[in-house]
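To start, the structure under review is shown below, and the notes come after it.
For ligands, and for the atoms within them, numbers begin at 1 and follow the listed sequence.
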Amino acid sequence: MARVNANYDKLAAGYLFPEIARRTKAFIEANPGATVMRLGIGNTTEALTPAILDGLRQGVEKLADNSTYTGYGDEQGDSRLRQAIAGSYAERGAQIEAGEVFVSDGAKPDAANIQSIFSQDAVIAVQDPAYPVYVDSNVIAGRTGESRDGTYEGLVYMRCDESNGFFPHPPEQKADLIYLCSPNNPTGAVASKEQLKEFVDYARKNKAVIIFDAAYAEYISDKSLPRTIYEIEGAKECAIEINSFSKTAGFTGVRLGWTIVPKALLAEGAEAGKINSLWNRRQCTMFNGASNVVQEGGLAALSQKGRTESARLIEYYMGNARVIVDGLKSKGLTVYGGVNAPYVWLKTPNGMKSWDFFDKLLNECRVVGTPGSGFGPAGEGFFRLSAFGHRENIDKAVESIKVNLVL
Ligand code: PL4
């Protein structure tokens, strides 16, 4: 008799983003003709840049001729792209080899799948609030108990709130796999070198592994802040880093990301090289490589021209963030983030629950955002606005909040 994976029944709610889409659709159906401004899902809106389009076109052209056509590629990624990604770390003072780079179809699948190479009894620590994939993938894998009052039994929650500037200290108790995201989704907080060093020291001492999600690293403009965990000495012994072309180069729909699994990485019972070869084994069995066309686009994104163009795109989205931050502050709201990250994290007025504020913002202002509680219990009473959008829509949304939100 086939039985389903009962861990799915433990998941406390539907996946956050489809739930937002569902509620928005219901609102539009109930209010025909209403124009809704979407600052909910962090989804890029601006066209791909010329250098990247050239790269993608070249990828297509190669497929048009038998002499340049390619079928399946290496599961780990095109060696030129692996080399280019490795090279991008050198600029930040981190030595990464091409053999430590695993190209994928995005950061989300890697963030969800990476847990599968660690033992079933690994104790998981997450920032609270956090991108839901880290928790949900471990719930599905059976590493937690039931959910009670928004927390899963057996998970270590590292609370991120106003008192610690939304970045935690390492946990008091033992944790084996520690998920960190900086710049953070949803709070927009960015860890300093000292803060990351604390985690690196903890991980080395406890033979723990840090899963570092750097999907928004290119949004950091403050040069003193680390853009990769490998800027911290010793991180290659204890950290895996996940990254993406989605928010850097507008690849949310194109799909391309990568994961760095250093050969020096250690874990209990795993000598240097072991975890790198496990992830290689996992990918070879379960992944057939990223699209060859898309990888040509990725190579173009990493060219000098591609990077200059992407930097302009990022500046555009960060201009949106400034519009949101300034607008909300002028309304008297308490606002965090939005400076080195494309997310603005606001405190709901009068201590409102996050989902109640979602309804209020939608009804009064026609603006969709993301309830903080969807990212974890410490997100309750907060709300995320995304800076991804056309400037005219962002302007309209902020103006509507200024005029229509009743405080
Ligand atoms: C909605 C910290 C967005 N359906 O595009 P990827 O797979 O390379 O990267 C996804 C990703 C990875 N890591 C972090 C992220 O914030 C994201 C994207 N998050 C958001 O609004 O929080 C898009 C969400 C998408 C999803 O479920 O990822």
Distance-only check: which donor-acceptor pairs under 3.5 Å involve side-chain atoms of residues 131-142, not counting sequence neighbours?
residue: Tyr134; atom: OH; partner: Asp213; partner atom: OD2; Å: 2.7
residue: Ser137; atom: OG; partner: Val133; partner atom: O; Å: 2.8
residue: Ser137; atom: OG; partner: Tyr134; partner atom: O; Å: 3.2
residue: Asn138; atom: OD1; partner: Arg143; partner atom: NH1; Å: 2.8
residue: Asn138; atom: ND2; partner: Tyr134; partner atom: O; Å: 2.9
residue: Asn138; atom: ND2; partner: Tyr179; partner atom: OH; Å: 3.1

Taking 4.0 angstrom as the limit, do [X] and [Y] come out as a salt bridge?
{"X": "Glu237", "Y": "Arg204", "answer": "yes"}
{"X": "Asp54", "Y": "Arg57", "answer": "yes"}
{"X": "Lys205", "Y": "Asp201", "answer": "no"}
{"X": "Asp110", "Y": "Lys108", "answer": "no"}

I'd like the atom pairs linking ligand 1 to the protein - N or O on both sides, separation under 3.5 Å - with distances to 0.1 Å.
residue: ligand 1; atom: 5 (O); partner: Ser246; partner atom: OG; Å: 2.6
residue: ligand 1; atom: 5 (O); partner: Arg255; partner atom: NH1; Å: 2.9
residue: ligand 1; atom: 7 (O); partner: Ala107; partner atom: N; Å: 3.3
residue: ligand 1; atom: 7 (O); partner: Lys108; partner atom: N; Å: 2.9
residue: ligand 1; atom: 7 (O); partner: Arg255; partner atom: NH2; Å: 2.7
residue: ligand 1; atom: 8 (O); partner: Ala107; partner atom: N; Å: 2.7
residue: ligand 1; atom: 8 (O); partner: Ser244; partner atom: OG; Å: 2.6
residue: ligand 1; atom: 8 (O); partner: Ser246; partner atom: OG; Å: 3.2
residue: ligand 1; atom: 13 (N); partner: Asp213; partner atom: OD2; Å: 2.8
residue: ligand 1; atom: 16 (O); partner: Asn185; partner atom: ND2; Å: 2.6
residue: ligand 1; atom: 16 (O); partner: Tyr216; partner atom: OH; Å: 2.5
residue: ligand 1; atom: 21 (O); partner: Gly42; partner atom: N; Å: 2.7
residue: ligand 1; atom: 21 (O); partner: Arg384; partner atom: NH1; Å: 3.4
residue: ligand 1; atom: 21 (O); partner: Arg384; partner atom: NH2; Å: 2.7
residue: ligand 1; atom: 22 (O); partner: Asn185; partner atom: ND2; Å: 2.8
residue: ligand 1; atom: 22 (O); partner: Arg384; partner atom: NH1; Å: 2.9
residue: ligand 1; atom: 27 (O); partner: Tyr15; partner atom: OH; Å: 2.6
residue: ligand 1; atom: 27 (O); partner: Lys108; partner atom: NZ; Å: 2.8
residue: ligand 1; atom: 28 (O); partner: Tyr131; partner atom: OH; Å: 2.4

Member of Trp279, Phe245, Phe251 meeting the ring pair (Phe, Tyr, Trp, His ring centres under 6.0 Å) criterion with Trp258: Phe245
